[in-house]
Amino acid sequence: MIPVTVRLANSNTDRHITNILADDPSWRSAAPGGFGTAAFALQKPIDVRDPMLAAFTKVYIYDGRTAETLWEGRLQLPARSADADGQVWSLTALGGASHTSDETRVLIYIDRSHDGWVRDNLEASRIPANATAGSSNHPFNDGLDALVVSLPSGVQLNTNTEAMVSYQECAGLQSLGAWGYSYSFGGGGSTNFALEGVTGDNPTFNSIDHSVLLPGVGGSFSTFAHTSPSGANEFPAGQDILGLRLRRTTGGATPGADNLWIAFYDVRVLCRRYMRNGFMGVGSSGMNNSSLYVRASWIVEDLLGRLLRNVYDADGASVDATNTVDIDQLAYRDGATAADVLDDLMKIEPSKYWAAWESEWSLTHPGNGGYRFEWKTWPTTARYEATVDDGFDATAASAELYNSWTIRWRDNRGRIKITRVTAAVPELDSNNLTRGGFTDLSDEIGSATNATAVATNTLAEHNRQTSSARLTIARPIMDVQNNRVVWPWQIRPGEEIRLRGVEASATTNVTQTTRDGMTVFRIVSVEVNKGVAQLELDMFTQNEIRALIELRKMRRRRR
Amino acid sequence: MATMRFVDSIDSPSVRLDLWDRSAWAYESFNPGEVQLRRSVSSSMARDGDYVGASAHGNRELTLVLNLFFTTDDDAATKLQLLQRELDRPTNLLQWTPGGSTGTVFWQTYRSPTTALRWDKTLKQATVSLMAAPFAIGQRVDIASATVNNDPANATNGCKLDLTNIQGDVETPLFIEYADSAAGLIRSGLAIGVRSGSSPYPNLFYQSESMNQQTDTAVVADATFSGGSKSRVTFVTTALTGRLSAGFPALAVPAGAENWGQYRVFARVAQTVAGDVISMAVKVGSGAYNQAVTLKSQTQPQLVDLGVLDATANLTIQGGYSAAKYRIENQDALVVGVQRVSGTGNLDIDYLIFVPADEYLGGWDAFANVSSTSHLAVLDGVNGAAYIATALSGATPGRVRGSAIGTSGDFPKVRPGNNRLVIVEANKGGATPASNLLTTGLTMTIRYWPRYLFNRPVST
């Protein structure tokens, strides 16, 4: 027999059901994602509801020899049927991976877009009708976009008259974590005006966090939220609106011949991030000492603490903190799920993937009951050694070769931009062929930096021959990483596998241990049925069902 | 004397219908049928022969030809009705003792038809085709109670129990009742691994003091630890570093073929400062560390599961087709790594114990506080459940108390012949399990029902 056992557990019951299964359990795991789906059937009367079949009952599939968890998830609403096969409960369960799609939230990590800035309406009574405030070109710096506020010339301006732009995108949803800008002045030389950066608790601005009296020279400023702010570079935590303004501070004066103006450029807004322990960071350290960018691992930590803590073991999560890209735009003002964010992070850092696995790895120290989560780097050496004896098929290895990649994105003023990156691919170049792909980053992660990073990283994944291959494993194989022999049902995706019995690459040798798409592959999914594992290598195989699933899951960016 | 009858239970059978009383029924012939063996076979043009990945027995068909004794047709109809009622039960038990044999077995049958009926004036005969489970069940065998001590160095059942001369043709699940030998209050989490064979492996555990002391680690005498000593890690280096090492799978060379296989490694440890955050991991040979496990922040001794190791991966017991068995002499290095994530204290390591993880291994959560000494924890391998109940041998047997206990892995099964159960008790004491104590033990009563493909010999 295949030494697999199945257990169902909820608050009412905890049972092993291996002996009453109507067919062999099957399950699927993938990288990214971890445990995906499982299916099995029970032959039981359908007119009686067993308490162990309640929705969201925990499902465990174990290796009975080692007590290791092969798959874990929660039961969906069971289906029932009565036909020639008898009365059958068809049970489907979803693994921990599904929880990243549970909730959609507005998530603003760093926003440089001007779309979120408006002529302020919260202090409209102070803003004269002919004041200007909004996105524009920098008055004397060609090609530089700025938020420009100005007060008109030749008009009596009383104390507190102002021209202001405000950012209210996170009002009531998130609190500000850091913000900053560079600034320039222009216009008449009155001393009774000030540049001010102000924050508030919607709808009231209640804190002047940066103030520069005019006339002055340009400069830069950044600040971080703190529960007990002290010093010039800390503002009160909990604020959720931000304003940038030119304000008459005292007296009444008529401005000079030129309109008084301030140009704020390189403006960025960052919202406070969670730590994995469920609390928000404070001060500069709470924002990893940066108001200029965020990094993928910081965002993963935030998702763990903000959205996933109730289902994942956030405290015990493994998050690889090596990052290669300083992300300067990551803002989901229309809402996103954790899965959406993780997908985008993997576009920017394609060497990383995420996965949610079992809740109990150690029999004696099971953690807090949440699924074990990891954000890790794809390994670069083969973990498993196998042959093609049980079955192997691969598409043409050249099908996924690209030497150019185009990114569509929207800049901070909403203009559509195109970034195209090329790379040398000998097989294409020597045949004078150009093959390109396309990705739309829209405004959520649209920036020049991100576009270049995504295009470059995508090409790096496609500049050598890789295969969409399927491998069947029906017998034990060697796990060289852990010095063990593993059975097909113990194989995990997110690792590399080296195959014997396929042609070696012309540019590598038979001792190849790093991925080459010819003999060493990434395992992107493992599906187990009747003790036999079907592995998808390097990429998910394209078929009708997969295409429909991806179409349904595809994120439609709104802007 | 021969028996063939439908009964209501195996342990204390009450007869439902006797098919050999010779006043109503006498079976003329009994054919136990062929047990189907299903196989998972994979084949490929890349090699000769097919690979059999797994196999499992299917049900069988028992064929009985029954002669009916009757006085009148009405009498025959009444007796036939009783047979039909037994055949119509969703499940039933058919007890069978061959004539001249002493061994009795019970077939688990399913609702089945009368496939042929002969209704003559003088002869009435029924042919019944009974679908049955593949194995016949023998009457229960009770193994004398034994105390399993929680110190592997204890010469008497130290974290193990050897079961000898298990009867039957095929493996069978165990039914284990156990109680806290000291106070009758069951709180322990438990893990049991099974290794069958004529010579259960000798190296069950390593005292830490018998291993090579590595970075920041030294032996310290301490009578409260197993063997009177412990290895203390003082964390000059706090990062994950090897602290203990030894040859694996056996300390002494030559080791012997009995040490082949996979093991789940448990370590008994104690922190010196409760608030410290310390994690441990193990690795063997050139492999990577297993997943690191963070210890409970307490100073009481605790048993920690560090996962599965296999030092004999991809090696074979025999070379080629040779009849001679290999034995392990060159050893892969087992390394215990410890990291102090935060804190100031030390970690004391008592021993490592190796629970076999290549046949059956299961883990059970701590049972709820049981108030009566007559209540036992039950690991019911037949039904795949763990619960608290009154003892089967007690005055009021079979009273279930409390809901089912969470179980991981599989319930222990044993194979005919000799088997070793390696038993680790996680932690106990107090309202919630907190401490792993060397001085405690479990009184275990193990029962099983041997399984047969046909009939039961006298003593096996």
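Throughout, protein chains are lettered first and strands after them, A, B, ... in sequence-line order, and every chain is numbered starting at 1.
- Taking the centre of each ring, A/Trp27 and A/Phe35 stay at or above the 6.0 Å mark.
- Using a 4.5 Å cut-off between heavy atoms, A/Arg484 touches chain B through backbone and side chain atoms alike.
- A/Asn19 touches chain B through its side chain: at least one heavy atom from C-beta onward sits under 4.5 Å away, while N, CA, C and O do not.
- With a 4.5 angstrom heavy-atom cutoff, B/Glu359 touches chain A only via backbone atoms.
- B/Val341 does not touch chain A: none of its heavy atoms, backbone or side chain, sits under 4.5 Å away.
- Here A/Phe40 and A/Trp71 keep their ring centres 6.0 angstrom or further from each other.
- Contacts of A/Ala9 with chain B are absent, with no heavy-atom separation under 4.5 Å from either backbone or side chain.
- The contact between A/Glu68 and chain B is made by backbone and side chain atoms together, counting heavy-atom distances below 4.5 Å.
- Between chain B and the options A/Val388, A/Asp479, A/Leu363, heavy-atom pairs under 4.5 Å are most frequent for A/Leu363.
- Using bins of under 30°, 30° to 60° and over 60° for the plane-to-plane angle, the ring pair A/Tyr312/A/Tyr371 lands in the perpendicular bin.
- Looking at B/Ser40, the atoms closer than 4.5 Å to chain A (heavy atoms on both sides) all sit in the side chain, from C-beta outward.
- Side-chain contact between B/Ile176 and B/Val378 is absent, with no heavy atoms from C-beta onward closer than 4.5 Å.
- Chosen from A/Lys530, A/Gln481, A/Arg7, A/Met478, the residue pairing most often with chain B at heavy-atom distances under 4.5 Å is A/Arg7.
- Annotation: maximal heavy-atom pairing with chain A below 4.5 Å, among B/Gly406, B/Gly287, B/Ser408, occurs at B/Ser408.
- Contact annotation: the side chain of B/Gln36 never approaches that of B/His57 to less than 4.5 Å [non-hydrogen atoms, C-beta and beyond].
- Of all heavy-atom pairs spanning B/Val304 and B/Val293, the tightest one is CG2-CG1, 3.7 Å.
- Residue A/Val4: no heavy atom, backbone or side chain, is found under 4.5 Å from chain B.
- Taking the six-membered ring where tryptophan is involved, the planes of B/Phe175 and B/Trp449 are perpendicular, since the angle between them exceeds 60° and thus also 30°.
- Ranked by heavy-atom pairs shorter than 4.5 Å toward chain A, the options B/Ala385, B/Ala288, B/Gly307 are led by B/Ala288.
- Within the 6.0 Å centre-distance limit, the rings of B/Phe354 and B/Phe248 are counted as a close aromatic pair.
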